[in-house]
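I'd like to ask you about the structure that follows.
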Amino acid sequence: MTGTGETAAVVEAAWGRVRQNLRLSAGQRLFDRWLKPMVLLPNSDADMVRLGLPSAFMTNWVKSHYADRLLFEFRACLPEIRTVTVETASTLEPARVLTGESIAAAAPVPGATLLADSPTAAAPAAVPSVPAQPIGAPERSQFDPRFTFDRFVAHDSNRVARNAAQLLAEPGVPRFSPLYLHSGTGQGKTHLMHAIGHAFLAANPQATAIYMPAERFMFEFVSAVRARDTHSFKARLRAVDLLMIDDLQFVAGKDATQEECFHTVNAFMDAGKRLVIACDRSPHLLDGVESRLVSRLGAGLVADIKAPALELRHEILSRRLAENTAVPVPADVMDLLASRIHGSVRELEGAFNRVVAYAQLIGQPVTMDFAIQTLGEMLQGPKKRITIDDIQRAVSSHFELKQLDLISARRAVAIARPRQIAMYLAKRLTTRSLPEIGRKFGNRDHSTVIHAVKRIESLRGLDGEIDGAVRQLMRQLEGA
């Protein structure tokens, strides 16, 4: 894609999807008040997007509370975008402003996925109160029709979470509550929550359900406090049959919000009603969250979703290809996407959607060269070639050991655990085989390497210090 007109068309299509995601994650009232008036300004391109609002007050509020989220959403659609600016656009000629409504009304890209994870905004310093929805309102429209159990691809990495979600959505007395889902971003937590909402309301037409990101919970609670009407806020939430709160990590450090969240969780558990919480980490790894809330969250069923394995990535792409009838995608391109994009399901689907969208917009067939040119940085590996020696030096320095300790026969935990981390990193960051890795660590058998890799994968979900050390070492080694 080289022409400015073609670039503008891609950015406009992305803007339409971003608006839909914002409407879903922020809630209709907050969206209508602050985000709906925002428009895509001229001269936006594949590197920088310019957005405009009609007043300086609205511009400052959105910049303060949604700047990071806007960049996140645009980069999920177009990873090459580096900057998103929000400006006061009231002085521009109306004819030169591209309205988001007209863009959103355009035909969507086949297979496009709405993203609702990871809101980063905080409650504003001073905002008008948001009227509460009438008690008992079903809020069915908040659930994305594409996020259903039928479209969720199950595998060993997510089967427990998927099965638990289906059980919770079944009619009758819930077998457990709360259901606590945790994983990295883009692994399917929000998909499962919307699927629960669809299935539960389909089986119980008279029931009520609410899905809200933690940011919206916090915003509405703070607004209710300022309006001196917390009773309506509490009554609205506790009157529903199913409550789902996404991205709970964002209440960390917010004492008043945590207090209300704790009482809400207690009320649902005491009443035996359905409650679903999603977060980016397990309950006991939540920093800045009160221990009593952590204890209550862990009292139900805790289910994690791991990063998608190669087999699952292939299956996800096959499903999306079956749903896409407009553009054929060759098998070698599918293999390329599955093998090179392994961070998250969202990133994988985003890459597939991008290839299909670009092919449609410029009228070219999808080939290997086209996919590589279109995806660019998304397919690049680490910035430099990493060797096992590099890993051993970095790990020994991080844990203040001698490099010889990592290849010695010593089994003390202070040495064995860093050795396992080094083997894990060697498997993740190099192309060396298991026997080759074993030989570099004192001629150990390949089964020892397998055990080390599995052990560190398990500990990363249980031990925040080990997970933090692995993340830091990976950033250091990859030169990020």
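Along the sequence shown, residues carry numbers from 1. What you see below is based on every heavy atom in this structure, not just the backbone, and it leaves out hydrogens, waters and symmetry mates.
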Practice item. Determine whether Val160 and Asn163 make a side-chain contact, defined as any pair of heavy atoms from C-beta on separated by less than 4.5 Å. Key: no

Exercise for review: Decide, yes or no, whether a salt bridge links Arg75 with Glu80 under the criterion of side-chain N to carboxylate O below 4.0 Å.
Suggested key: no

Check your understanding: Are the aromatic rings of Phe200 and Phe143 close, with centres under 6.0 Å apart?
Key -> no

Check your understanding: Do you see a donor-acceptor pair shorter than 3.5 Å between the side chains of Glu315 and Ser318?
Key -> no

Check your understanding: Does the side chain of Gln420 pick up a donor-acceptor pair with the side chain of Arg417 at under 3.5 Å?
Key -> yes

Check your understanding: Are the ring centres of Phe147 and His198 closer than 6.0 Å?
Key ->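 Centroid distance Phe147-His198: not below 6.0 Å, so no.
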
Practice item. Scan side-chain atoms only and decide if Asp390 and Thr387 contain a donor-acceptor pair under the 3.5 Å cut-off. Key: yes

Review point. Val49 and Val11: side chain to side chain contact (heavy atoms under 4.5 Å, CB included), yes or no, with the steps?
Key: CA-CA 8 Å; Val49 172; Val11 175; 4.2 Å; yes

Point to revise | Polar contact flag, side-chain donor to acceptor under 3.5 angstrom, Glu215-Tyr66 | key: yes

Check your understanding: Given side chains that start at C-beta, do those of Leu312 and Asn158 come closer than 4.5 Å, heavy atoms only?
Key ->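 When only atoms from C-beta onward are counted, Asn158 and Leu312 do touch, with a gap below 4.5 Å.
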
Point to revise | Heavy-atom donor-acceptor pair, Arg162 side chain to Ala154 backbone, under 3.5 Å | key: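 Not a single qualifying donor-acceptor pair exists.
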
Review point. Got a salt bridge between Arg216 and Glu220, using NZ or NE/NH1/NH2 to carboxylate O under 4.0 Å?
Key: yes

Exercise for review: Kindly assign one of parallel, tilted or perpendicular to the pair Phe221 and Phe233, based on the angle between their ring planes and the thresholds 30° and 60°.
Suggested key: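 Tilted.
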
Exercise for review: Identify whether the distance between the nearest side-chain nitrogen and carboxylate oxygen of Arg320 and Glu323 falls below 4.0 Å.
Suggested key: yes

Check your understanding: Any donor and acceptor pair, going by atom type alone, linking the side chain of Thr430 with main-chain N or O of Ala426 inside 3.5 Å?
Key -> yes

**Study point:** side chain to side chain contact (heavy atoms under 4.5 Å, CB included) between Arg274 and Leu243, intermediate numbers included
**Key:** CA-CA 7 Å; Arg274 290 167 172 80; Leu243 175 63; over 6 Å; no

Review point. Roughly how far, to the nearest 0.5 Å, is the CZ atom of Arg444 from the CZ atom of Arg419?
Key: 4.0 Å

Practice item. Indicate yes or no for a side-chain donor-acceptor contact from Lys189 to the backbone of Ile305 under 3.5 Å, with no hydrogens or angles considered. Key: no

Practice item. Check whether any side-chain heavy atom of Ser282 lies under 4.5 Å from a side-chain heavy atom of Asp304, and answer yes or no. Key: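 Not touching, per the 4.5 Å side-chain cut-off.
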
Practice item. Show your reasoning for whether side chain to side chain contact (heavy atoms under 4.5 Å, CB included) applies to Val329 and Phe352. Key: CA-CA 9 Å; Val329 182; Phe352 177 85; 3.9 Å; yes

Review point. About how many Å separate CG of Leu297 and CD1 of Ile277, when rounded to the nearest 0.5 Å?
Key: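 Nearest 0.5 Å value for the CD1-CG distance: 6.0 Å.
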
Check your understanding: Mind checking whether Ile415 and Phe399 have side chains closer than 4.5 Å, heavy atoms only?
Key -> no

Check your understanding: Counting N and O atoms only, with roles assigned by atom type, does the side chain of Asp463 sit under 3.5 Å from a partner on the main chain of Ile466, one being a donor and the other an acceptor?
Key ->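 Answer holds: yes.
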
Check your understanding: To the nearest 0.5 Å, how far apart are CG in Leu167 and CZ in Arg175?
Key ->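 Separation between the atoms: 5.0 Å.
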
Point to revise | Asp280 versus Gln249, closest heavy-atom pair with distance | key: N-OE1, 3.3 Å

Review point. How about Leu301 and Tyr180: do any of their side-chain heavy atoms sit closer than 4.5 Å?
Key: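 No - every pair of side-chain heavy atoms lies 4.5 Å or more apart.
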
Practice item. Of all the heavy-atom pairs spanning Met423 and Val449, show the shortest one and how long it is. Key: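 Closest approach of Met423 to Val449, heavy atoms only: SD-CA, 4.0 Å.
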
**Study point:** Heavy-atom side-chain proximity of Lys440 to Arg432 below 4.5 angstrom
**Key:** no

Check your understanding: What's the shortest heavy-atom distance between Cys77 and Ala14, and which atoms?
Key ->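 Smallest heavy-atom distance, with atoms named: CB-CB, 3.9 Å.
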
Review point. Can you check whether Val251's main-chain N or O pairs, donor with acceptor, with Gln258's side chain at less than 3.5 Å?
Key: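 Judged by distance alone, yes, a pair lies under 3.5 Å.
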
**Study point:** Nearest heavy atoms of His191 and Arg151, plus distance in Å
**Key:**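 Result for this residue pair: CE1-O, 3.7 Å.
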
Check your understanding: Is there a donor-acceptor pair closer than 3.5 Å between any side-chain N or O of Asp241 and the backbone N or O of Thr208?
Key -> yes

**Study point:** Separation of His314 NE2 from Met334 CE (nearest 0.5 Å)
**Key:**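 Answer rounded to 0.5 Å: 8.5 Å.
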
Practice item. Look at atom CZ of Arg471 and say whether more than 12 heavy atoms of other residues, nucleotides or ligands are closer to it than 6.0 Å. Key: no

Review point. Would you find a donor on one side and an acceptor on the other, under 3.5 Å apart, between the side chain of Arg354 and the backbone of Thr374?
Key: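 Checking the backbone N and O of Thr374 against the side chain of Arg354, a donor-acceptor pair under 3.5 Å is found.
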
Point to revise | Any donor-acceptor N/O pair, Asp467 side chain to Gly464 backbone, under 3.5 Å | key: no

Exercise for review: Measure across Glu290 and Glu259 and return the closest heavy-atom pair with its distance rounded to 0.1 Å.
Suggested key: OE2-OE1, 4.4 Å

Exercise for review: Mind running side chain to side chain contact (heavy atoms under 4.5 Å, CB included) on Val333 and Phe370 for me, showing each step along the way?
Suggested key: CA-CA 9 Å; Val333 173; Phe370 177 84; over 6 Å; no

Practice item. Would you mind checking if Arg238 and Glu260 are paired as a salt bridge, meaning a charged N to carboxylate O distance below 4.0 Å? Key: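 Salt bridge flag = yes for Arg238 with Glu260.
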
**Study point:** Flag, side chain of Ser177 to backbone of Leu275, donor-acceptor distance under 3.5 Å
**Key:** yes

Point to revise | Sole candidate of Thr367, Leu336, Val355 that passes side-chain contact (heavy atoms from CB on, under 4.5 Å) when paired with Ile372 | key: Leu336

Revision key, fill the gap. Here the gap from Ile388 atom CD1 to Arg393 atom CZ, rounded to the nearest 0.5 Å, amounts to 12.0 Å

Practice item. Considering non-hydrogen atoms only, spot the tightest contact between Leu286 and Cys279 and give its length. Key: CD2-SG, 3.4 Å

Exercise for review: Please check if the side chain of Glu436 supplies one atom and the backbone of Ser433 the other of a donor-acceptor pair under 3.5 Å.
Suggested key: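 Yes, Glu436 side chain to Ser433 backbone: donor-acceptor pair under 3.5 Å.
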
Practice item. May I ask you to check whether Tyr424 and Arg460 show a side-chain donor-acceptor distance below 3.5 Å? Key: yes

Review point. With a 4.5 Å heavy-atom cut-off, do Met474 and Arg428 have their side chains touching?
Key: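 Touching, per the 4.5 Å side-chain cut-off.
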
Review point. Quick one: is the NZ or CZ of Lys273 closer than 6.0 Å to the six-membered ring centre of Phe268, and within 45° of its axis?
Key: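 Checked: cation-pi criterion met.
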
**Study point:** From Leu181 atom CG to Thr190 atom OG1, the distance as rounded to the nearest 0.5 Å
**Key:**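 Answer rounded to 0.5 Å: 9.5 Å.
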
Check your understanding: Is any side-chain heavy atom of Met269 less than 4.5 Å from a side-chain heavy atom of Pro178?
Key ->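 Side-chain contact under 4.5 Å: yes.
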
